[in-house]
There are 4 protein chains.
Amino acid sequence: MLIDPKSNVPIFRQIADQIREAVDAGVYRPEEALPSLRALAVEIRVNPNTVQRAYDELDREGVIESRRGLGVFVVDQRRLAVGSRAEKKLARLLKEAVATGSAEGVTPARMRELFESTLRTNLQAAGKRK
Amino acid sequence: MLIDPKSNVPIFRQIADQIREAVDAGVYRPEEALPSLRALAVEIRVNPNTVQRAYDELDREGVIESRRGLGVFVVDQRRLAVGSRAEKKLARLLKEAVATGSAEGVTPARMRELFESTLRTNLQAAGKRK
Amino acid sequence: MLIDPKSNVPIFRQIADQIREAVDAGVYRPEEALPSLRALAVEIRVNPNTVQRAYDELDREGVIESRRGLGVFVVDQRRLAVGSRAEKKLARLLKEAVATGSAEGVTPARMRELFESTLRTNLQAAGKRK
Amino acid sequence: MLIDPKSNVPIFRQIADQIREAVDAGVYRPEEALPSLRALAVEIRVNPNTVQRAYDELDREGVIESRRGLGVFVVDQRRLAVGSRAEKKLARLLKEAVATGSAEGVTPARMRELFESTLRTNLQAAGKRK
DNA sequence: GTGGTCTAGACCACA
DNA sequence: GTGGTCTAGACCACG
């Protein structure tokens with residue numbers, strides 16, 4: 001893990017990016033523990049808070065999962081794989097949407113934006129119906 | 001804005017929740033500026049970093065948008081509404097997916113999980129094709 | 001006994017709350033033994049320390065009592081009810097105080113605070129007289 | 001601060017007792033910070049958890065107060081001093097009760113036991129009335 | 001020991 | 001002035 005403190009890319013993002021790549025590349029296996037916050041902080045000589053912020057980002061993305069008192073672990077993507085029929089249906093629709101967007105050049109960030117917007121709109125509509 | 005420092009709900013989340021509700025309720029109009037980080041921090045007597053963390057969360061959700069040197073602003077959801085044909089198509093598909101999930105009782109958190117998972121899978125596939 | 005590890009309510013408090021309710025509801029009778037630390041820990045899949053902390057809390061509240069080498073037992077509230085004339089008098093006064101506070105909307109936590117403060121003040125006064 | 005690890009008195013209680021005495025004796029002034037958890041743990045060579053348990057006990061008793069991110073502080077007893085009329089009334093009754101108990105030789109621990117028992121009984125009665 | 005939240009106060013980039 | 005990042009170091013919940 002190499003960090004360039006002078007880069008314009010924030011340190012916490014450099015960390016997150018490298019871990020994300022490592023997970024995608026299979027360097028860390030599903031359910032495997034990553035280095036502890038403090039251990040990684042010492043190793044790359046940054047403040048533990050900075051590492052935490054990186055882990056936070058990966059947690060929100062669903063790449064890793066932290067278990068208090070135990071450590072942080074690579075999420076087994078297969079475990080996410082949809083139980084109920086409702087979820088299967090949803091997953092299929094999402095896959096179609098993402099594939100379409102991707103094929104037509106919409107960036108992931110923009111897709112996330114649209115997804116969140118849709119979610120929010122839906123929630124408000126649902127709320128008002130109460 | 002009322003904060004309970006002894007609550008089990010983290011302060012930054014209390015802040016985020018209250019602002020989100022205020023925005024939904026129309027207390028803040030689209031494109032309107034929210035209180036500055038430091039101003040809000042003074043008002044509710046917490047550290048500016050804690051307020052920032054709340055703003056961060058809302059930013060990621062697309063509720064607000066911060067513009068460095070200017071302040072943080074309520075995002076005009078209509079502005080997200082999409083420009084290109086590709087985005088329109090994507091938006092329609094996402095809406096369908098979310099509506100379906102919502103109707104069948106899938107929680108927003110779970111939908112977000114599945115969406116992120118789908119995104120990630122798609123990106124990896126796209127990457128390998130390179 | 002159902003535990004939600006993702007809840008914001010700490011696990012040890014979830015445990016304590018459920019046991020307190022069970023005792024109040026008469027699920028466990030006075031003088032009856034509760035599940036052993038380790039047995040309960042295994043059953044609900046948490047660390048024994050966590051269970052210990054829950055039992056600790058209930059012990060301090062006087063709901064249960066642990067007897068070394070034997071187990072933990074539901075305290076028979078009638079047993080507390082007082083032996084000596086002095087205790088009867090005290091109990092009567094405390095009951096009046098608590099009833100008054102409760103009727104006027106003082107929270108239990110605040111009553112405890114005032115009680116402890118009173119106790120402390122009294123002890124110091126007694127000490128100085130020595 | 002001297003700790004006797006061989007004593008029958010648990011270490012955390014030895015710590016709590018000594019700090020309580022120090023506060024009563026005015027060694028630490030109201031609003032003054034106590035040694036941090038870890039600092040004290042290192043100094044007297046015990047596990048930080050043990051110190052925390054001592055601080056916990058003092059916190060519940062209202063002797064000290066911990067402020068996240070800052071440290072633990074001696075509570076200014078004057079600050080507790082009853083605002084509302086209801087609290088004044090309650091405080092007066094509690095003072096009478098404690099003074100009576102104290103005068104007739106009831107121990108503080110026993111008083112606390114009776115107080116907690118009374119509180120609990122009252123709460124249950126209030127709950128059932130719902 | 002682990003991760004999580006918070007504070008104080010620093011420096012930076014931007015307007 | 002604004003927000004963004006980082007450090008040092010605190011307590012908190014859990015194992």
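The chains referred to below are lettered A, B, ... by the order of the sequence lines, with proteins before strands, and numbering in each begins at 1. Scope of the values below: all heavy atoms of this structure, side chains included, with no hydrogens, waters or symmetry mates.
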- request: Please confirm whether the backbone N or O of B:Ser117 pairs with a side-chain atom of A:Gln77, one donor and one acceptor, at under 3.5 Å?
  value: no
- request: Look up atom CE in D:Met1 and atom CD1 in D:Ile19, then write down how far apart they are to the nearest 0.5 Å.
  value: 4.5 Å
task: State, with a plain yes or no, whether a side-chain heavy atom of B:Val74 is found less than 4.5 Å away from one of B:Val63.
output: no
task: Tell me, please, which residues at least two apart from B:Arg68 pass salt bridge (charged side-chain N to carboxylate O under 4.0 Å, His left out).
output: none
Opening and closing nucleotides of DNA chain E in contact with chain A, under 4.0 Å to non-hydrogen atoms: E:dG1 to E:dC6
task: Rounded to the nearest 0.5 Å, what's the gap from CD1 on A:Ile64 to CG on A:Asp59? Could you check?
output: 5.5 Å
- request: Runs of at least three consecutive Watson-Crick or G-U pairs, both distances under 3.5 Å, are what I'm after; which ones involve DNA chain F?
  value: E:1-14 with F:1-14
task: Return the residues of residues 28-43 of chain A meeting this criterion: a heavy atom under 4.0 Å from some atom of DNA chain F. Order them by number, or give none.
output: none
query: Is the backbone of B:Gly62 close enough, under 3.5 Å, to the side chain of A:Glu113 for a donor and an acceptor to pair up by distance?
result: no
Please tabulate, for side-chain N and O atoms in residues 32-48 of chain B, each donor-acceptor pair with protein atoms closer than 3.5 Å (sequence neighbours left out).
unit_1: B:Glu32; atom_1: OE1; unit_2: B:Arg29; atom_2: N; d: 2.7
unit_1: B:Ser36; atom_1: OG; unit_2: B:Ala39; atom_2: N; d: 3.1
unit_1: B:Asn47; atom_1: OD1; unit_2: B:Asn49; atom_2: N; d: 2.8

message: Taking ring-ring contact (aromatic ring centres under 6.0 Å, His included) as the definition, give me every residue that meets it alongside B:Tyr55, ordered by chain and number, with sequence neighbours left out.
response: none
field: Positions of residues 4-24 of chain A (non-hydrogen atom under 4.0 Å from DNA chain F), listed by number
entry: A:Pro10, A:Ile11, A:Phe12
query: Is the closest side-chain heavy-atom distance between D:Asp24 and D:Glu21 below 4.5 Å?
result: no
message: List the residues meeting salt bridge (charged side-chain N to carboxylate O under 4.0 Å, His left out) with B:Arg112, not counting sequence neighbours, and say none if there are none.
response: A:Glu116
- prompt: Can you name the residues that form a side chain to side chain donor-acceptor pair (under 3.5 Å) with A:Glu57, not counting sequence neighbours?
  reply: A:Arg13
- request: Could you list the residues that satisfy side chain to side chain donor-acceptor pair (under 3.5 Å) with D:Arg20, not counting sequence neighbours?
  value: D:Asp17, D:Glu61
query: Considering only heavy atoms from C-beta outward, does the side chain of D:Phe73 approach that of D:Asp76 to under 4.5 Å?
result: no
query: Quick one: on DNA chain E, does B:Pro48 or B:Leu70 contact a more 5' nucleotide (nearest heavy atom)?
result: B:Pro48
task: Determine whether A:Met111 and B:Phe115 make a side-chain contact, defined as any pair of heavy atoms from C-beta on separated by less than 4.5 Å.
output: yes
Sub-4.0 Å heavy-atom contacts from residues 49-60 of chain D onto DNA chain F, ordered by number: D:Asn49, D:Gln52
message: Among residues at least two apart in sequence or on other chains, which ones pass side chain to side chain donor-acceptor pair (under 3.5 Å) with D:Arg67?
response: D:Glu31, D:Glu65
- prompt: Taking for each residue the nucleotide of DNA chain F bearing the nearest heavy atom, is the 5' side occupied by D:Val72 or by C:Asn47?
  reply: D:Val72
